[in-house]
Number of protein chains: 2
Amino acid sequence: MKAETDCAACPLRKFALFEALDENDEEATRRFKDGERRVDPGTILMHEGMVSEDFYTVLSGMGLRYKTTPDGKRQVINFVLPGDFIGLQSGLMSEMKHSVETTTRMHLCRFKRSSLLPFMRNNPGRAFDVTWLSAVEENLVAEALVSIGQQPAATRLAWALHRLYTRISAVGADLGPGRIPLPYTQQDMADALGLSLVHTNRILRLLQTDGMISWRDKVLTVHDERALANRAGMTADMQETIPRRPLI
Amino acid sequence: MKAETDCAACPLRKFALFEALDENDEEATRRFKDGERRVDPGTILMHEGMVSEDFYTVLSGMGLRYKTTPDGKRQVINFVLPGDFIGLQSGLMSEMKHSVETTTRMHLCRFKRSSLLPFMRNNPGRAFDVTWLSAVEENLVAEALVSIGQQPAATRLAWALHRLYTRISAVGADLGPGRIPLPYTQQDMADALGLSLVHTNRILRLLQTDGMISWRDKVLTVHDERALANRAGMTADMQETIPRRPLI
DNA sequence: CGCCTTGTTGAGCGGATTCAACACTAGTGG
DNA sequence: CCACTAGTGTTGAATCCGCTCAACAAGGCG
């Protein structure tokens, strides 16, 4: 029933964000692919401490990557967007060190854990790309660390929204000028920023009354990107386009 | 004058922390190696925004990996210890996204940026290991994010000290029961934990008067590891030994 | 219709910050 | 040789940002 997507016609490949792929690598990736999977919102794709037999590339949909503490708190590590490679840890280390949960319906490209090593062994270029992705991801987490560690609440929130705006825009899910889907709750944002829900709400309200943004019904509208970037403590040279990265 | 270290006699290899290496991989790594380098404390090995022609594995010595914000603040991303692979970003992405600075004299194993791709291409097993290291590093940063985002100051500090204690112990630099070198300043710790210097000092003092630790003259003594782990909000199952990881 | 999730707002508290001053050490140059 | 400076560690006082507690509105769903 559900048609499998051919890699050659991969809906993500068309975005300028992703590096081009030569025929050999594309063919190898096609063989690496084990199938597809479609899941509902709220599905836990990976669970902290568990071993996952599969890992995925997100074709469409969004989610969250998070860790939990013994006392029940949750820290969102990053937002999961189309093109993201998730579950790499279970292929490398013994178990997942974080959980991954969807917040929308999600369409995934599935790979087998056991075939990662052969895949990387037989396709050095792709192995290089996997490492690259891993390094990109590490940098994203490090940037979040800087934001949370050094900035006050308003700056953090503006920064997070601005980054989501550019990241989501880059994978084409724009709904018109300055409008992007943002299928998260204020609690999700709070857990990502290390803030309480109440305070997140207040700051959010503040940014809205300032006219920079509005966020209703899971749609974020950025009315003044420059102002938002300023509020986020970004200098002009930081507002470049996101560098290209590989897609597995 | 300065004798080069043979990979076969690599001073790090003996630690249980690191995975064993077969002869082929060891030989390949030896050819990958471009030389060694010794630097003084306070040397900036990599600079945020710059392209580094080399990258390194730390043979001995310690340092810091950090990012700076436009308003002059600094966030320490991680502490650099022996066995760490530093500068991978410059080999993968266009430029370094963080700086690396030494806090002691450091002895480094040097690799050329241009030979990373061939190295990974010709040695799939080692390519896999590089990715593994990158994933381990990402997880360390993510754990710091959880700590900073969700825990109060005392818990953060206890957690950071406990982790440094186990990490540093694992690379053999112990100075007796519960004693390890900790060549950082309180300002370094503050920047790592997202706390002010003053508050870091107070909490530190608190942990010392509680008798858990003492930290003087760049030497940390952990008097009661269990108590420290408790203070860090760790449950019993989290206090396992650090999993093995590869060494490049 | 009642329940649950999500968003919103007020009030008061407290943890962490900033500002400030001072002790100690090592290094430097007159 | 010693005054001088810079870096590091220590402590007090006052302020404030963000938290907790609390209550309520609105929508979705069984």
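Each chain gets a letter, A, B and so on, in the order the sequences are listed, and its residues count up from 1. Since the structure is predicted, the reported quantities are computational estimates derived from the model, not experimental observations.
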- Message: Measuring from the side chain of B/Val198 (C-beta onward, heavy atoms only), which nucleotide among D/dG18, C/dC19, C/dT9 has the closest atom?
- Response: C/dC19

- Message: As a test of reading the structure: which of C/dT6, C/dT18, D/dA22 is closest to the side chain of B/Ser196, going by heavy atoms?
- Response: C/dT18

Would you mind reading off the distance between [X] atom [atom1] and [N] atom [atom2], rounded to a whole angstrom?
X: B/Gln208; N: D/dT10; atom1: CD; atom2: C1'; answer: 11 Å
X: A/Leu195; N: C/dA16; atom1: CG; atom2: P; answer: 14 Å
X: B/His199; N: D/dC16; atom1: NE2; atom2: C1'; answer: 14 Å
X: A/Arg205; N: C/dT9; atom1: CZ; atom2: C1'; answer: 10 Å
X: B/Tyr184; N: D/dG9; atom1: OH; atom2: C1'; answer: 19 Å
X: A/Ile148; N: D/dC19; atom1: CD1; atom2: C1'; answer: 16 Å
X: B/Leu157; N: D/dG9; atom1: CG; atom2: C1'; answer: 15 Å
X: B/Leu197; N: C/dT18; atom1: CG; atom2: P; answer: 11 Å

- Check whether any side-chain heavy atom of A/Leu161 sits under 4.5 Å from a side-chain heavy atom of A/Leu207, and report yes or no. yes

- Please examine the side chains of B/Val51 and B/Arg113, heavy atoms only from C-beta on, and report whether any two atoms are closer than 4.5 Å. yes

Using OP1 and OP2 only, check whether a side-chain N or O of [X] sits under 4.0 Å from [N].
X: A/Gln186; N: C/dT8; value: yes
X: A/Asn201; N: C/dG7; value: no
X: A/Gln187; N: C/dG7; value: no

- Message: Taking side chain to side chain contact (heavy atoms under 4.5 Å, CB included) as the criterion, tell me which of B/Glu101, B/Met106, B/Met96 meets it with B/Leu45.
- Response: B/Met106

- So A/Arg231 and A/Asp224, salt bridge (charged side-chain N to carboxylate O under 4.0 Å, His left out) or not? Walk me through it. CA-CA 11 Å; A/Arg231 202 77 192 72; A/Asp224 188 344; over 6 Å; no

- Spell out yes or no: do the side chain of A/Arg202 and the base of C/dG10 have one donor N/O and one acceptor N/O closer than 3.5 Å? yes

- Task: Could you tell me whether A/Gly194 contacts a base, only the sugar-phosphate backbone, or nothing, with contacts defined as non-hydrogen atoms closer than 4.0 Å?
- Result: sugar-phosphate

- Message: Ring-plane angle category for B/Phe55 and B/Phe85, please: parallel below 30°, perpendicular beyond 60°, tilted otherwise.
- Response: perpendicular

